[in-house]
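Before any comments, here is the structure.
As a basis for the values below, the full set of heavy atoms in this structure was taken, side chains included, without hydrogen atoms, waters or symmetry mates. Not measured: the values here are computed from a predicted model. Residue numbers begin at 1 in each chain, while the letters A, B, ... track the order of the sequences.
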Number of protein chains: 2
Amino acid sequence: MTNEDVLATRLSNFTKLSDEECQALRMLARDRVRRVGARVDLVREGERPRSVFLILSGWAYRYKTMEDGRRQIVSFLLPGDLCDLNNFVLAEMDHTISALTALHFVELPHERVAQICEEFPRIARALWWHMLSAISTQRQWTVSLSRSAHERIGHLFCELFLRLQTVGLTRGNMCDLPPTQTELAEATGLTPVHVNRTLQEMRAEGLIVLKDRILEIPDLARLQHAVLFTPNYLHLGQAEAGTSVEKDVAPAVEI
Amino acid sequence: MTNEDVLATRLSNFTKLSDEECQALRMLARDRVRRVGARVDLVREGERPRSVFLILSGWAYRYKTMEDGRRQIVSFLLPGDLCDLNNFVLAEMDHTISALTALHFVELPHERVAQICEEFPRIARALWWHMLSAISTQRQWTVSLSRSAHERIGHLFCELFLRLQTVGLTRGNMCDLPPTQTELAEATGLTPVHVNRTLQEMRAEGLIVLKDRILEIPDLARLQHAVLFTPNYLHLGQAEAGTSVEKDVAPAVEI
DNA sequence: CGTGCAATTGATCCATTTCAAGGGCCGTGG
DNA sequence: CCACGGCCCTTGAAATGGATCAATTGCACG
């Protein structure tokens, strides 16, 4: 099901948007809707994408391949996510974006985005937030370098659940979780076997229920606590909070 | 030693800049130079920085602390690097930036940057590249999730060496490497003990010479090969390459 | 009714962690 | 001038989390 409201919904998590702005975003999502099946590449390493992708439905992911064949998924792209907003300069991709499930998306020329930003400054701001949150998320993933298997997986689940929630894709404490255990392994830097065993332990502890690609988190707070998850990096609902926070810092010497 | 040319040098790796543009960048680096000693925080988690930092000399790093005290360094900031260029929206920091060594830097109000970008579109472009390369680097770090200790450390060394090279801070095949083994451990997600042993092995293999905070890479190509390093993610010297790369991709169905 | 992929299980191996302690260097203070 | 504490690097031995190898089950699909 294609939802042309996803982007507006997603961006509303950063700033309140007017009806007019939402309408403009809705128009974007009608541009040139495309559909691809699972496992299809959207952009490949070495290419210079000439546009921004907006995901309307389905999951995608970015991954890097090493010479010896190992693959590392470096991020998941969910409905409402924009890819390579930053790539105005048409840089060469250093990784591949690929569909995890069947996918609906729109390919937006950069000018189209620029034009909307000019007309609606608040959308421009929201897009900055969007980008910021993507970068923060990337940083969080690197923190997993010092996390245990439990923490890596649990953390990922918390993140995905919350991100899906912001676009209305959770039902109570449940959500879809399309990636296979092998893909979870590629995302966390673990072995499929070990992911499997870790999942079983987490199930045994009652932290998660995961079956048939459906994830249920009986007690989100407990899971978050168990895996040391703090959601601040998603930067949800901070935009309103004003800008006047003053603390003493860096007793620097003026030169 | 403060080098007011670092930024121009750094950005020249992305696009050729005119003398006038370089001059403008040089003026930036004179704005309000500040100096702090090692281990001082520049911005702390929870704050809303109102400006961009430009590092003139010395090293800094971003890190996250977990509730149980573990620390993870998520990136190093070198001379010529700009921090939080993206943070126009004044988001709350979800991590801390701290000086690794004594540091010279400039704090630039966002308007100052915006103004320069308006006057010199090519600088704006270069700043996009700068940002892009920072994000790519962050992605590369998450690839370390599936790297061995040797690869993590070797990869980090290759990256730092090349980044330093772009701002003229290498001497032949040598460069400064101020982080302690404990800090290298925090950056790679390993134990200090294991970092120590891994370094010894890499020394024994002749891949590196590391003593007194000076790193020497006798054969960069060999090291790169040994740790599966590919420098494309730094996006150096791609800007000139034109934008017309066409390949067939994503045999998508128009709807 | 096979074929193939996802999930699962068992047994073994190894990389990395943990714990514990010693040595070198440097700045500080007696 | 020497003793001291602190930080950084180093070493050893033991414990363990996660990897590896190999095989089995279950299920969807042509």
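Spacing between atom NZ of Lys211(A) and atom C1' of dA6(C) amounts to 12 Å, rounded to whole angstrom units. The distance between atom CG of Leu184(A) and atom C1' of dG18(D), rounded to the nearest whole Å, is 16 Å. Across the protein-nucleic acid pair, Arg70(A) atom CZ and dA19(D) atom P stand 12 Å apart, rounded to whole Å. Atom CD1 in Ile153(A) sits roughly 13 Å away from atom C1' in dG17(D) (whole-Å rounding). Nucleotide dG17(D) holds its P atom 17 Å from the CG atom of Leu190(B), rounded to whole Å. Taking atom CD on Glu183(A) and atom C1' on dC5(C), their separation rounds to 12 Å, with Å as the unit. In this structure, His194(A) places its NE2 atom 13 Å from C1' of dA15(C), rounding to the nearest Å. The separation between Glu186(A) atom CD and dA19(D) atom C1' is 16 Å, rounded to whole Å.
For Lys64(B) (side chain) and Ile73(B) (main-chain N/O), no donor-acceptor pair under 3.5 Å exists by modelled atom type. A donor-acceptor contact shorter than 3.5 Å is absent between the side chain of Arg147(A) and the backbone of Gly189(B). One N or O on the side chain of Asn13(A) and one on the backbone of Thr166(A) form a donor-acceptor pair closer than 3.5 Å. Side chain of Glu107(A) to main chain of Val52(A): no donor-acceptor pair is present (N/O by atom type, distance under 3.5 Å, no hydrogens or angles). Checked by atom type and distance alone, the side chain of Asp41(A) never pairs as donor or acceptor with a backbone atom of Val43(A) at under 3.5 Å.
Arg152(A) comes within 4.0 angstrom of no nucleic acid atom, judged by non-hydrogen atoms across all strands. Residue Thr191(B) is classed as a base contact, given a heavy-atom separation below 4.0 Å to a base. Across all strands shown, Thr198(A) has no heavy atoms under 4.0 Å from either base or sugar-phosphate atoms.
Residue Arg39(A) has no polar side-chain atom (N or O) positioned under 4.0 Å from OP1 or OP2 of dC5(C). OP1 or OP2 of dG18(D) has not a single side-chain nitrogen or oxygen of Arg147(A) nearer than 4.0 Å.
Electrostatic pairing of Glu159(A) and Arg163(A) counts as a salt bridge here, judged by a charged N lying under 4.0 Å from a carboxylate O.
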Check nucleotides 8-10 of chain C against the protein and report each pair of N or O atoms closer than 3.5 Å, with its distance, or say if there are none.
| residue | atom | partner | partner atom | Å |
| --- | --- | --- | --- | --- |
| dT8(C) | OP2 | Gln181(A) | NE2 | 2.8 |
| dT8(C) | OP2 | Asn196(A) | ND2 | 3.0 |
| dT8(C) | OP2 | Arg203(A) | NH2 | 3.3 |
| dT8(C) | O5' | Asn196(A) | ND2 | 3.3 |
| dT9(C) | OP2 | Gln200(A) | OE1 | 2.6 |
| dT9(C) | OP2 | Gln200(A) | NE2 | 3.0 |
| dG10(C) | N7 | Arg197(A) | NH1 | 3.1 |
| dG10(C) | O6 | Arg197(A) | NH2 | 3.3 |

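Both the sub-6.0 Å distance and the 45° axial angle are satisfied by Arg71(B) relative to the ring of Tyr63(B).
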